[in-house]
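Written below as structure tokens is the structure these notes are about.
It should be emphasised that the depicted structure is a prediction, and the values quoted were computed from it without experimental measurement. Position 1 is the first residue of the sequence, and the numbers go up from there.
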Amino acid sequence: MSSKIIALVGMMGSGKGTCVDYMHTTHNWTVLHFGNMVYEEVQRRGLNNVEDEKFVREDMRNKSGAAVLAKHVARKIDQLLEQGQKVILLDGLYSWSEYKFLNEKYGDSLVLIGTVGDKKQRRERILARKDSHRSYTLEQIVERELAEIENLEKGGPIAYADYYILNDKGVDQLHDRLDEIITELLV
């Protein structure tokens, strides 16, 4: 099997993190989180809330280009591939520019799995989150969704995914569909 770089794409609350956690736990694959770079920069700047995260994410892209996070992640991917890793999971590929950069660099090794779900259900999941750096009000959710679509080109990678998972029935169905996709990818 050639190396696979599997990127989960989808709107917030669609189940990307649940899929990544499942694949990491089930297969012990390495996970690279795009958002970690943003969280690290938020902390470096002495900031700490949802509005700061949005500002920093957009500021980084404004200063260093729309693919800045993908370029950072690519350095880590290259290191892992050199170490012989066969499957690497990417959590948080958002923009079309990030996708284009990674696709140009890795070609057919890059696979996009899109997680999708109803807007109401996604928002309910987000509102139910307990961890402090990912807690949002409904107004913040709507604002972030619109900013991600309008400013971060998030729709492109979702529309262009190689596989889709409709996350509307629960975790077992999500895992079953993910297992189908993994089986096909690892052949």
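- Among residues two or more places apart in sequence or in another chain, the side-chain contact (heavy atoms from CB on, under 4.5 Å) test is passed with Asn62 by none.
- Here the side chains of Lys105 and Leu110 are not in contact, with every heavy-atom distance at 4.5 Å or above.
- The salt bridge (Lys or Arg N to Asp or Glu O under 4.0 Å) analysis of residues 35-45, with sequence neighbours excluded, yields the pairs Glu41-Arg44, Glu41-Arg45, Arg45-Asp59.
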For residues 7-20, run the donor-acceptor check on the side chains, cut-off 3.5 Å, and write out each pair with its distance to 0.1 Å, sequence neighbours left out.
| residue | atom | partner | partner atom | Å |
| --- | --- | --- | --- | --- |
| Ser14 | OG | Met11 | O | 2.7 |
| Ser14 | OG | Thr115 | O | 3.3 |
| Ser14 | OG | Thr115 | OG1 | 2.6 |
| Lys16 | NZ | Gly10 | O | 3.1 |
| Lys16 | NZ | Met11 | O | 3.1 |

Taking distance alone, no hydrogens or angles, what donor-acceptor pairs closer than 3.5 Å link side-chain atoms of residues 64-71 to residues at least two apart or in another chain?
none

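- The ring pair (Phe, Tyr, Trp, His ring centres under 6.0 Å) test applied to Tyr160 returns Trp96, Tyr99, not counting sequence neighbours.
- For residues 149-173, every residue pair satisfying the salt bridge (Lys or Arg N to Asp or Glu O under 4.0 Å) rule, not counting sequence neighbours, is listed here: Glu148-Lys154.
- The two residues His33 and Val31 come nearest to each other via the heavy atoms NE2-CG1, 3.2 Å.
- Shown here are the ring pair (Phe, Tyr, Trp, His ring centres under 6.0 Å) partners of Tyr94, two or more places apart in sequence or in another chain: there are none.
- Legend: residues meeting ring pair (Phe, Tyr, Trp, His ring centres under 6.0 Å) with His27, ordered by chain and number and at least two apart, are Trp29.
- For Glu143, the side-chain contact (heavy atoms from CB on, under 4.5 Å) partners two or more places apart in sequence, or in a different chain, are Lys54.
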Please tabulate, one pair per line, all N/O donor-acceptor pairs under 3.5 Å involving side-chain atoms of residues 179-187, not counting sequence neighbours.
| residue | atom | partner | partner atom | Å |
| --- | --- | --- | --- | --- |
| Asp179 | OD1 | Tyr22 | OH | 2.8 |
| Asp179 | OD2 | Tyr22 | OH | 2.9 |
| Glu180 | OE1 | Arg177 | NH1 | 3.2 |
| Thr183 | OG1 | Asp179 | O | 2.9 |
| Glu184 | OE2 | Tyr163 | OH | 3.1 |

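- Residues passing the side-chain contact (heavy atoms from CB on, under 4.5 Å) test with Ala159: none are found, sequence neighbours excluded.
- With rounding to the nearest 0.5 Å, the separation of CG in Leu90 from NZ in Lys76 is 11.0 Å.
- In this structure Gln43 satisfies the side-chain hydrogen bond (donor to acceptor under 3.5 Å, both in side chains) test with no other residue, sequence neighbours excluded.
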